[in-house]
A.B. asks: 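Next up is a structure, given as structure tokens.
If you're wondering where the values come from, they're calculated on a predicted model, not measured in any experiment. If you read the sequence from its start, that first residue is 1, and numbering goes on from there.
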Amino acid sequence: MDYVSTRNKEKKVPSAYAIATGIAPDGGLYCPTSFPELTKSDWDTLIASDYKGRAALVLGKFLTDFSAEELKGFTEKAYADERWGSGNTAPVVSLADGKHILELWHGPTCAFKDMALQMLPHLLTASLKKIGEERTACILVATSGDTGTAALNGFADVPGTKIMVYYPVHGVSPMQKLQMVTQEGKNVSVCAVNGNFDDAQSALKRIFTDAPTIEKLSAQGMMLSSANSINWGRLAPQIAYYISAYCDLAERGMVTFGDKINICVPTGNFGNILAAYIAKQMGLPVNKLICASNRNNVLTDFFKKGGTYDKNRPFYTTASPSMDILISSNLERLLYYISGQNDEAVRNFMAQLAEGGRYTVSQEMQAALDALFDAGSCDDARTKDTIRRLYENEKYVCDTHTAVAVKVYEDYRARTGDTTPTVIASTASPFKFCKAVAEALGGTVEIEDVSQLDVLSRLCGQQPPKPLASLRGKAPRFDRVVEKEDILSTTDLLAEL
């Protein structure tokens with residue numbers, strides 16, 4: 001399996017190179033040249049396997065320069081029972097009206113990013129060895145909350161790596177911030193950026209394309225890589241959990257094997273729903289992919305209003321901060337495939353986005369998108385109403401991001417009459433967003449510290465996850481704040497780790 005940049009498909013590289021470097025030299029994103037198909041034998045194996053085995057099989061289809069034994073070893077370590085609380089890594093909870101909640105937050109930082117970022121350190125360190133890279137890998141991460149937390153946890157004290165996480169100073173929840181700034185590890189650092197997530201993400205991309213910075217780091221024995229979903233090693237592990245969810249539903253008789261499902265995903269940077277799209281291309285029976293946005297509904301408008309992507313709009317800070325994004329990086333990969341792997345078209349779209357903040361796809365591409373995707377958005381008031389209703393009616397407590405997806409699915413079902421069983425990606429524990437969830441359930445949170453957990457616990461009658469409860473008494477290690485224009489200066493901190 002070869003990989004090419006979305007902006008130049010002429011130069012092919014192996015998966016190890018794509019994972020080690022994170023992003024292509026031209027600023028494009030690495031993509032597989034084709035999608036492998038799941039055979040009848042593969043499905044039989046998947047049905048009979050636990051999550052670790054399912055993930056190893058799916059990864060093996062894409063990472064052909066890794067052996068089956070290597071991948072099996074990686075999944076056994078990444079999804080070890082003691083790190084996930086049980087052997088059920090990504091359980092599916094079935095509710096009323098065809099809703100099947102895929103809980104992706106049972107890992108060490110209580111968010112879906114753990115599903116990939118417990119795997120990426122194994123893939124990355126092995127990739128560096130495979131390509132003969134002896135420099136220290138400096139992983140730079142822009143986060144709207146959960147990616148940074150999960151990346152710091154995954155890479156903490158991993159030999160041959162250093163990690164620097166950038167987050168918007170006012171764009172994460174108190175619990176997300178506390179997880180990041182108290183992270184232990186000799187090779188980790190955290191920096192707040194004065195601005196929103198898009199400011200942090202754009203500033204980070206400057207580092208990856210700044211030749212003097214790259215040369216300076218190289219002279220110091222360091223190379224740049226990324227743990228954001230622009231890195232194929234971050235995205236590939238996410239494909240497995242949609243396939244696993246289907247296996248679970250088929251085993252429980254919720255679907256007849258071969259019948260289609262819908263998949264609804266709360267979406268910001270578009271990586272999570274792109275993984276579902278790739279699973280469909282591999283043969284997962286999918287009817288519709290439903291893209292759920294919060295008030296920052298740039299993706300909903302793209303899918304529902306003629307294929308124009310326009311970031312020139314107000315940016316809102318919402319109760320679902322991991323979706324507070326106006327530049328959805330992984331949409332570039334979808335454009336590449338929908339256009340028939342037309343790298344010239346993608347280059348033009350990205351140039352238009354950089355220069356004017358907008359682009360419009362062709363009618364043919366729009367038709368292809370319409371056949372695959374639906375979309376909707378949900379503001380904070382309806383998000384909290386959904387949390388309340390779901391708890392009152394079904395005694396299920398969800399976080400603010402999952403609630404966005406539930407509401408968008410309910411709206412889709414009412415609008416279309418489509419009763420296809422639907423997997424809804426649940427991306428975080430409700431205890432990561434205590435204030436908003438507690439308010440939705442009729443409570444109040446006045447202090448932004450770990451005591452929030454107690455308030456929500458009393459309201460819903462559930463105990464907070466151990467990884468969050470263990471934050472009690474931890475002192476912050478990092479308090480640096482930088483202007484986005486000064487982002488290059490922060491790379492000096494890497495030499496100090």
Side-chain angles (χ1 to χ4, degrees), residues 84-107 109-112 114 146 173 175 241 244-245 248-249 251-255 261-266 290 292 294 319-320 322-323 376 378-414 419-445 450-469:
W84 293 80
S86 72
N88 198 353
T89 308
V92 179
V93 178
S94 296
L95 302 178
D97 298 326
K99 299 189 296 288
H100 302 280
I101 310 297
L102 173 57
E103 293 184 344
L104 300 171
W105 42 262
H106 291 277
T109 73
C110 306
F112 84 100
D114 288 326
D146 288 335
S173 77
M175 200 61 63
Y241 50 68
S244 180
D248 287 347
L249 291 177
E251 278 191 300
R252 283 155 42 184
M254 296 294 182
V255 298
I261 60 171
N262 295 328
I263 299 175
C264 183
V265 185
I290 305 168
N294 62 16
S320 45
S322 297
M323 301 161 67
C378 176
D379 62 19
D380 279 358
R382 290 184 297 158
T383 296
K384 291 182 179 180
D385 179 67
T386 301
I387 293 170
R388 177 188 56 77
R389 287 189 296 102
L390 205 59
Y391 181 69
E392 289 180 351
N393 297 336
E394 306 194 52
K395 297 304 176 186
Y396 188 83
V397 185
C398 71
D399 84 297
T400 49
H401 304 76
T402 306
V404 168
V406 169
K407 178 57 178 170
V408 168
Y409 163 68
E410 291 173 345
D411 291 347
Y412 166 83
R413 181 180 169 115
T419 58
T420 301
T422 299
V423 170
I424 298 174
S426 178
T427 55
S429 164
F431 285 91
K432 290 200 77 167
F433 303 93
C434 289
K435 181 177 175 62
V437 177
E439 289 174 351
L441 298 181
T444 57
V445 173
V450 183
S451 64
Q452 294 181 43
L453 298 173
D454 300 326
V455 175
L456 182 54
S457 180
R458 287 193 296 270
L459 284 168
C460 69
Q462 297 179 13
Q463 291 299 310
K466 290 182 180 179
L468 299 181

A.B. asks: Do Pro467 and Phe431 have side-chain heavy atoms sitting under 4.5 Å apart?
C.D. replies: no

A.B. asks: State, with a plain yes or no, whether a side-chain heavy atom of Cys434 is found less than 4.5 Å away from one of Leu453.
C.D. replies: yes

A.B. asks: Please report the closest heavy-atom contact between Pro430 and Asp399, naming both atoms and the distance.
C.D. replies: CA-CB, 3.6 Å

A.B. asks: Distance from Cys110 atom SG to Lys432 atom NZ, nearest 0.5 Å?
C.D. replies: 6.5 Å

A.B. asks: Under 4.0 Å between a side-chain nitrogen and a carboxylate oxygen: does that hold for Asp248 and Arg252?
C.D. replies: no

A.B. asks: Report yes or no: does His401 contribute a side-chain atom to a donor-acceptor pair with the main-chain N or O of Ser322 at less than 3.5 Å?
C.D. replies: yes

A.B. asks: If you measure from CG on Asp380 to CG on Asn294, what distance do you get to the nearest 0.5 Å?
C.D. replies: 7.5 Å

A.B. asks: For the residue pair Cys264 and Ala405, what are the closest heavy atoms and their distance?
C.D. replies: SG-O, 3.4 Å

A.B. asks: With a 4.5 Å limit on heavy-atom distance, are the side chains of Val423 and Leu249 in contact?
C.D. replies: yes

A.B. asks: Is a side-chain donor-acceptor pair under 3.5 Å present for Arg413 with Thr422?
C.D. replies: no

A.B. asks: Measuring from Asp146:CG to Ser173:OG, what's the distance to the nearest 0.5 Å?
C.D. replies: 7.5 Å

A.B. asks: Between Arg382 and Glu410, is there a side-chain N and carboxylate O pair less than 4.0 Å apart?
C.D. replies: no

A.B. asks: Can you find a pair of side-chain heavy atoms, one from Met254 and one from Pro421, that are under 4.5 Å apart?
C.D. replies: no

A.B. asks: Could you pull out the closest heavy-atom pair between Phe433 and Thr400, with the gap in Å?
C.D. replies: CG-OG1, 3.9 Å

A.B. asks: Rounded to the nearest 0.5 Å, how far does CG of Asn393 lie from CG of Leu95?
C.D. replies: 10.5 Å

A.B. asks: Please find the pair of heavy atoms, one from Cys378 and one from Val404, that lie closest to each other, and give the distance.
C.D. replies: CB-CG1, 4.1 Å

A.B. asks: Contact between Ile387 and Leu441 at the side-chain level, heavy atoms closer than 4.5 Å - yes or no?
C.D. replies: yes

A.B. asks: Distance-only, no hydrogens or angles: does the Thr89 side chain make a donor-acceptor pair with backbone N or O of Trp84 under 3.5 Å?
C.D. replies: no

A.B. asks: For the pair Lys407 and Asp411, find out whether any cationic side-chain nitrogen is under 4.0 Å from an anionic carboxylate oxygen.
C.D. replies: yes

A.B. asks: For the CG atom of Asp114 and the CH2 atom of Trp105, what is their distance to the nearest 0.5 Å?
C.D. replies: 12.0 Å

A.B. asks: Examine distances only and state if a side-chain atom of Thr420 and a backbone atom of Ile261 form a donor-acceptor pair shorter than 3.5 Å.
C.D. replies: no

A.B. asks: Would a distance-only check, ignoring hydrogens and angles, find a side-chain to backbone donor-acceptor pair under 3.5 Å from Glu394 to Ala96?
C.D. replies: yes

A.B. asks: About how many Å separate OG of Ser426 and NE2 of His106, when rounded to the nearest 0.5 Å?
C.D. replies: 7.5 Å

